[in-house]
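Notes follow the structure.
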Amino acid sequence: MTVSITIDGRTVKVREGATILQASRENDIYIPTLCDDPRLEPYGGCRLCLVQIKGMARPVTACTTPVSEGMIVETTNEEIENLRRTIVELLLSDHPNDCMICEKAGDCTLQELAYFYNLRENRFYGERRQYAESDGNPFIERNMEKCILCGKCVRVCNEVQGVSAIEIAYRGFSAKVCPPFEKDLDCEFCGQCVSVCPTGALMGKLSMGKGRQKDIEKVESVCPYCGCGCNITLHVARNEVIRVSSRPDSLNEGWLCVKGRFGFKFNSSPDRLKHPLIKRNGRFEEASWDEALDYVAQRLGEIKEKHGADAIAGLSSARCTNEENYLFQKFMRAAVGTNNVDHCARY
Ligand code: SF4
Ligand code: SF4
Ligand code: SF4
Ligand code: FES
């Protein structure tokens, strides 16, 4: 079922039950947001998506208001833009002026909005939140002075990850996102909260100080860890992977587990194997691929001749493609002559 509505003078047909924000996006009409994520339940916290509906006394939030037949919506005019500008000003009035050294600079929605509204000076003065950065967890840097309380981290942890490791504690000026009893974060460290945070309040510790946005080249890849094969984006600076993210429009909808998101340091580890090694006289020595494969073939032949093919087993990997795994089992059965084949895809 569809309904007909008018947005900024354009009459469009949209899905019944859609929100004004969804209807606008489907029709390429931009409405700024801070607390919305299409993958999460609507929240209505930041008030940046305010729009006017003909016949209604006050602006409403586009992300929580469903469309209805004949609705006439205005997404931008002087009054709305003034409201949005004031909201951003209020957020910035209690925010560190840290963009010069902030890891998020260049990829920060709040910074983008400040630029869009040309907010250099701030009309609002007063007390600012001051929190010690004391979280000793190994993966996530939490700087709550940069938090705008959009609630995305709390919602993703609850709705997507099903962990509920964090909540918005206290109320009013004292409200802040924290783990129970304000202890250090002790959770799955999936980093989904980092991935949805629109500011530098949550950052991955492993990438701190490794490069600004302008230094980063993004390379699309597939997570090397398990058979799910999540799509990942490698952030590469000076030939080193410094961060892993995932696009919301990927098959895994941008969600990753701790291994995929934070387990990337092996890439540049000096211990990483780059050549085959053959053990000679009790020591591993570098060898060429030809040498290594000849050696394996010779040893398999010797074992088979002496003990039979069933003395040999093959263990393959969920990191290989289906085709590689197919060829591997074919090799074990047809060339070696054993059905002792298994692989590591176990949860
Ligand atoms: S979180 Fe954004 S607005 Fe705040 S200091 Fe960092 S880059 Fe600037
Ligand atoms: S890392 Fe994952 S489990 Fe931990 S708080 Fe963030 S979303 Fe929740
Ligand atoms: S930490 Fe980030 S995602 Fe969480 S409420 Fe604050 S700004 Fe939003
Ligand atoms: S995006 Fe609608 S209130 Fe935040």
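Numbering of ligands and ligand atoms starts at 1, following listing order. Residue indices begin at 1 and follow the sequence shown.
The shortest non-hydrogen separation linking Ala237 to Ile242 is CB-CD1, 4.0 Å.
At least one heavy atom of Ile148 sits closer than 4.0 Å to an atom of ligand 3.
Each of Asn27, Thr75, Thr76 was evaluated against Asp8; a single residue qualifies, Thr75, per the side chain to side chain donor-acceptor pair (under 3.5 Å) test. The salt bridge (charged side-chain N to carboxylate O under 4.0 Å, His left out) test with Asp94 singles out one residue from Arg129, Lys176, Lys146, and that residue is Arg129.
Salt bridge present: Arg247 and Glu220 bring a charged side-chain N and a carboxylate O closer than 4.0 Å.
Residue Cys63 has at least one heavy-atom neighbour below 4.0 Å for each of these atoms of ligand 4: 1 (S), 2 (Fe), 3 (S). Near Cys46, meaning under 4.0 Å from one of its heavy atoms, ligand 4 places the atoms 1 (S), 3 (S), 4 (Fe). Listed by atom number, the atoms of ligand 4 under 4.0 Å from Cys49 heavy atoms are 1 (S), 2 (Fe), 3 (S). Applying the 4.0 Å criterion to heavy atoms of Cys197 picks out, from ligand 3, the atoms 2 (Fe), 3 (S), 7 (S). In summary, the atoms of ligand 3 found under 4.0 Å from a heavy atom of Val177, numbered by their order in the structure, are 5 (S). For ligand 3 and Gly151, the ligand atoms under 4.0 Å from any heavy atom of the residue are 5 (S), 8 (Fe). Taking every non-hydrogen atom of Phe189 and a distance limit under 4.0 Å, the qualifying atoms of ligand 2 come out as 1 (S), 4 (Fe). Those atoms of ligand 3 that come under 4.0 Å of a heavy atom in Leu202, given as number and element, are 1 (S). In summary, the atoms of ligand 4 found under 4.0 Å from a heavy atom of Asp36, numbered by their order in the structure, are 1 (S). Close approach of ligand 4 to Gly45 (heavy-atom distance below 4.0 Å) involves ligand atoms 3 (S). Against a heavy-atom cut-off of under 4.0 Å, Cys147 is close to the following atoms of ligand 3: 1 (S), 5 (S), 6 (Fe), 7 (S).
At most 12 heavy atoms of other shown residues, nucleotides or ligands fall within 6.0 angstrom of atom CZ in Arg283.
With a heavy-atom cut-off of 4.0 Å, Leu149 touches ligand 3 through its backbone alone. Contacts between Ile140 and ligand 2 below 4.0 angstrom, taking non-hydrogen atoms only, involve the side chain exclusively.
Using a 30° and 60° split on the angle between ring planes, Phe262 and Phe139 fall in the parallel class, below 30°.
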What's the verdict on salt bridge (Lys or Arg N to Asp or Glu O under 4.0 Å) for Glu41 and Arg155, showing C-alpha distance, side-chain angles and the deciding distance?
CA-CA 8 Å; Glu41 290 296 316; Arg155 281 177 288 148; over 6 Å; no
Apply side-chain hydrogen bond (donor to acceptor under 3.5 Å, both in side chains) to the pair Glu302 and Gln298, showing each step before the final yes or no.
CA-CA 6 Å; Glu302 285 169 11; Gln298 177 208 327; 2.8 Å; yes
Salt bridge (Lys or Arg N to Asp or Glu O under 4.0 Å) between Asp107 and Arg243, intermediate numbers included
CA-CA 13 Å; Asp107 185 27; Arg243 184 182 307 136; 5.5 Å; no
Which is it for Arg39 and Glu253 under the salt bridge (Lys or Arg N to Asp or Glu O under 4.0 Å) test, yes or no, and what are the steps along the way?
CA-CA 8 Å; Arg39 300 165 297 174; Glu253 297 184 344; over 6 Å; no
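Scanning the protein for heavy atoms near atom 3 (S) of ligand 4, the closest one is Arg47 N, 3.2 Å. The closest protein non-hydrogen atom to atom 8 (Fe) of ligand 3 is Cys150 SG, 2.3 Å. The shortest contact between atom 1 (S) of ligand 2 and any protein heavy atom is with Gly191 N, 3.2 Å.
Atom 2 (Fe) of ligand 2 has an N, O or S atom of Cys190 under 2.8 Å away, backbone or side chain. In summary, Cys153 places an N/O/S atom under 2.8 Å from atom 4 (Fe) of ligand 3, meeting the contact criterion. Residue Cys187: no N/O/S atom is found under 2.8 Å from atom 6 (Fe) of ligand 2.
Following chains of ILVMFWY side-chain contacts shorter than 4.5 Å, one can reach Val194 starting from Leu234, so the two form part of one hydrophobic cluster.
With rounding to the nearest 0.5 angstrom, the SG atom of Cys197 is 12.0 Å from the CG atom of Asp37.
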